[in-house]
Colleague: 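Please see the structure below; I have some questions.
Just so you know, residue 1 is the first one in the sequence shown, and it goes up from there.
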Amino acid sequence: FNRRVLNGTPLSDDEFRAVRAHISNRGVFESAKILRDAQLLTRDDGSVIHYSLFNTKEWCKNRFQVAQQVKTTGDKWNNRYDVTLLINGLPLIQIELKRNGVEINEAFNQICRYKRDNAYKGLFNFIQFFIVSNGVHTRYFANDEKELSSSFAFKWTDEENNQYKSLSDFTS
């Protein structure tokens with residue numbers, strides 16, 4: 001993603017560790033700023049580069065990946081996220097799915113349990129929002145530093161405020 005600013009010289013192991021240490025274990029708000037702004041890195045040879053983690057101007061030039069069943073360890077539990085959307089290798093969106101007929105509040109509560117268990121650490125602090133669905137009903141909500149509230153879980157709508165309730169309508 002930063003091939004141009006690296007000028008043909010890939011990051012060394014030490015430089016990569018420095019980048020990872022700089023961006024890891026930040027709060028949600030601080031992670032959003034890191035995504036938005038250029039970052040500085042002093043290379044092993046003493047030169048300084050400005051690198052970016054996300055292309056905000058030409059979003060289609062970012063690299064999008066889907067990961068299923070990502071496992072993490074929290075303070076008390078081993079956790080498994082149903083679907084994680086990564087952009088340029090960073091987990092930005094988590095999708096928690098339930099079977100049809102199961103209340104989507106169960107998916108919301110599961111995300112709250114993950115948050116209480118400190119499962120969103122390291123690069124998972126980059127998660128900016130969550131999607132919960134049981135296939136029939138789908139909602140999304142922003143990640144929050146302190147507490148998540150189901151009253152801030154919204155239905156996706158089009159320009160005329162028609163709701164996309166099903167997961168397939170929501171994703172298309």
Side-chain angles (χ1 to χ4, degrees), residues 1-2 16 18-41 50-75 77 79-98 104-135 137-159 161 163-172:
F1 182 72
N2 285 281
F16 182 79
V19 168
R20 188 168 177 162
H22 175 72
I23 67 174
S24 294
N25 294 315
R26 304 290 182 138
V28 174
F29 181 72
E30 186 66 27
S31 295
K33 286 181 8 184
I34 288 171
L35 283 172
R36 183 185 64 232
D37 300 333
Q39 305 299 309
L40 291 173
L41 173 67
H50 291 81
Y51 67 93
S52 299
L53 299 177
F54 189 75
N55 189 334
T56 58
K57 292 183 175 121
E58 297 177 273
W59 62 269
C60 58
K61 291 190 176 180
N62 292 298
R63 184 167 183 190
F64 296 82
Q65 297 168 293
V66 177
Q68 296 180 22
Q69 307 295 317
V70 174
K71 296 177 183 176
T72 65
T73 303
D75 291 343
W77 310 99
N79 303 295
R80 187 181 70 229
Y81 309 143
D82 290 336
V83 179
T84 304
L85 301 181
L86 299 108
I87 301 177
N88 300 333
L90 297 171
L92 297 185
I93 302 165
Q94 182 197 335
I95 305 170
E96 199 59 44
L97 302 170
K98 296 298 175 195
I104 63 170
N105 276 344
E106 286 193 31
F108 178 83
N109 292 336
Q110 188 169 353
I111 290 170
C112 291
R113 181 182 63 80
Y114 292 156
K115 196 139 181 104
R116 281 191 308 272
D117 188 38
N118 199 24
Y120 300 115
K121 55 189 170 190
L123 295 179
F124 282 92
N125 277 330
F126 277 96
I127 291 181
Q128 296 297 299
F129 71 93
F130 301 97
I131 299 169
V132 292
S133 182
N134 63 4
H137 299 285
T138 304
R139 294 212 167 90
Y140 70 98
F141 53 98
N143 196 355
D144 186 283
E145 296 280 351
K146 296 178 178 103
E147 185 176 340
L148 300 176
S149 171
S150 62
S151 61
F152 293 113
F154 300 101
K155 297 175 184 171
W156 196 267
T157 61
D158 64 15
E159 306 85 31
N161 212 25
Q163 296 178 359
Y164 295 111
K165 294 180 183 178
S166 75
L167 184 60
S168 60
D169 290 343
F170 180 89
T171 55
S172 29

Colleague: Between Thr138 and Ile104, is the side-chain contact (heavy atoms from CB on, under 4.5 Å) condition met? List the steps.
Modeller: CA-CA 8 Å; Thr138 304; Ile104 63 170; over 6 Å; no
Colleague: With rounding to the nearest 0.5 Å, note down the distance linking CG in Leu53 to CG in Asn88.
Modeller: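 Leu53 atom CG to Asn88 atom CG measures 7.5 Å (nearest 0.5 Å).
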Colleague: Does Asn2 use its side chain to pair, donor to acceptor, with the backbone of Ser52 at less than 3.5 Å?
Modeller: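 Yes, the answer is positive, given that a donor and an acceptor are paired below the 3.5 Å cut-off.
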Colleague: Can you measure from CD1 (Ile131) to OG1 (Thr171) and round to the nearest 0.5 angstrom?
Modeller: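 So the gap between those two atoms works out to 9.0 Å.
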Colleague: Before giving the answer on side-chain contact (heavy atoms from CB on, under 4.5 Å), spell out for Leu167 and Asn134 the whole-Å C-alpha distance, their side-chain angles and the decisive distance to 0.1 Å.
Modeller: CA-CA 8 Å; Leu167 184 60; Asn134 63 4; over 6 Å; no
Colleague: According to side-chain hydrogen bond (donor to acceptor under 3.5 Å, both in side chains), who are the partners of Asn55, at least two apart in sequence or on a separate chain?
Modeller: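 Scan of Asn55 (side-chain hydrogen bond (donor to acceptor under 3.5 Å, both in side chains), adjacent residues dropped) gives none.
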Colleague: Just verifying a value: how many Å separate Gln110 CD and Tyr81 OH, rounded to the nearest 0.5 Å?
Modeller: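 So the CD of Gln110 and the OH of Tyr81 are separated by 10.0 Å.
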Colleague: For residues 29-36, which side-chain donor-acceptor pairs fall under 3.5 Å, sequence neighbours excluded?
Modeller:
from: Ser31; atom 1: OG; to: Gly27; atom 2: O; distance (Å): 2.9
from: Ser31; atom 1: OG; to: Asn125; atom 2: O; distance (Å): 3.4

Colleague: Which of parallel (below 30°), tilted (30 to 60°) and perpendicular (above 60°) describes Phe129 and Tyr140?
Modeller: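 Perpendicular: the ring planes of Phe129 and Tyr140 meet at over 60°.
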Colleague: Got Phe130 and Leu148 here, is their nearest side-chain heavy-atom distance under 4.5 Å?
Modeller: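 Yes, their side chains come closer than 4.5 Å.
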Colleague: If the plane angle is over 60° it's perpendicular, under 30° parallel, otherwise tilted; pick one for Phe170 and Trp156.
Modeller: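 Perpendicular: the ring planes of Phe170 and Trp156 meet at over 60°.
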Colleague: Heavy atoms only: give me the nearest Gln163-Lys165 pair and the separation to one decimal.
Modeller: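 Minimum heavy-atom separation between Gln163 and Lys165: OE1-CE, 3.3 Å.
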Colleague: Going from CD1 on Ile111 to CD on Gln94, what distance comes out if it is rounded to the nearest 0.5 angstrom?
Modeller: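 The CD1 atom of Ile111 sits 4.5 Å away from the CD atom of Gln94.
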Colleague: Between Tyr114 and Glu96, what is the shortest heavy-atom contact and its length?
Modeller: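 Nearest pair, atom of Tyr114 first, then Glu96: CE1-OE1, 3.7 Å.
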Colleague: Testing the basics here: between Leu86 and Pro91, what is the closest heavy-atom pair and its distance to 0.1 Å?
Modeller: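 Closest heavy-atom pair between Leu86 and Pro91: CD2-N, 3.8 Å.
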Colleague: Do Val28 and Gln128 have side-chain heavy atoms sitting under 4.5 Å apart?
Modeller: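 Of all side-chain heavy-atom pairs linking Gln128 with Val28, at least one is under 4.5 Å.
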Colleague: Say you draw a straight line from CD1 of Ile95 to OG of Ser133; how long is it, rounded to the nearest 0.5 Å?
Modeller: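 Ile95 atom CD1 to Ser133 atom OG measures 9.0 Å (nearest 0.5 Å).
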Colleague: When you compare the side chain of Leu85 with that of Phe64, does any pair of heavy atoms fall below 4.5 Å?
Modeller: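 Result no, sub-4.5 Å side-chain heavy-atom pair not found.
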Colleague: Phe108 and Arg139: side-chain contact (heavy atoms from CB on, under 4.5 Å), yes or no, with the steps?
Modeller: CA-CA 9 Å; Phe108 178 83; Arg139 294 212 167 90; over 6 Å; no
Colleague: Does Arg113, at its CZ atom, have more than 12 non-hydrogen atoms belonging to other residues, nucleotides or ligands within less than 6.0 Å?
Modeller: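 It does: Arg113 CZ has more than 12 such atoms within range.
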Colleague: Taking Lys115 for its side chain and Asp144 for its backbone only, find out whether a donor-acceptor pair lies under 3.5 Å.
Modeller: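 It does hold such a pair.
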Colleague: If we ignore hydrogens and angles and just use 3.5 Å, is the side chain of Ser24 paired with the main-chain N or O of Ala21 as donor and acceptor?
Modeller: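 Not at all, since once roles are kept as given, no pair shorter than 3.5 Å links the two residues.
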Colleague: For Leu41 versus Val19, what's the shortest heavy-atom pair and its separation?
Modeller: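 For Leu41 and Val19, the tightest heavy-atom pair comes out as CD2-CG2, 3.9 Å.
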Colleague: So Ile87 and Trp59, do their side chains get closer than 4.5 Å, heavy atoms only?
Modeller: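 Not in contact.
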Colleague: What's the spacing between Glu106 CD and Leu97 CG if we round to 0.5 Å?
Modeller: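 The distance works out to 13.0 Å.
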Colleague: Might you confirm whether atom CD of Gln68 has over 12 heavy atoms from other residues, nucleotides or ligands at distances under 6.0 Å?
Modeller: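 Open: at most 12 neighbouring heavy atoms sit under 6.0 Å from CD of Gln68.
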Colleague: For side-chain contact (heavy atoms from CB on, under 4.5 Å), just list the numbers for Leu92 and Phe54, CA-CA rounded to whole Å, side-chain angles, deciding distance to a tenth of an Å, and then say yes or no.
Modeller: CA-CA 11 Å; Leu92 297 185; Phe54 189 75; 4.3 Å; yes
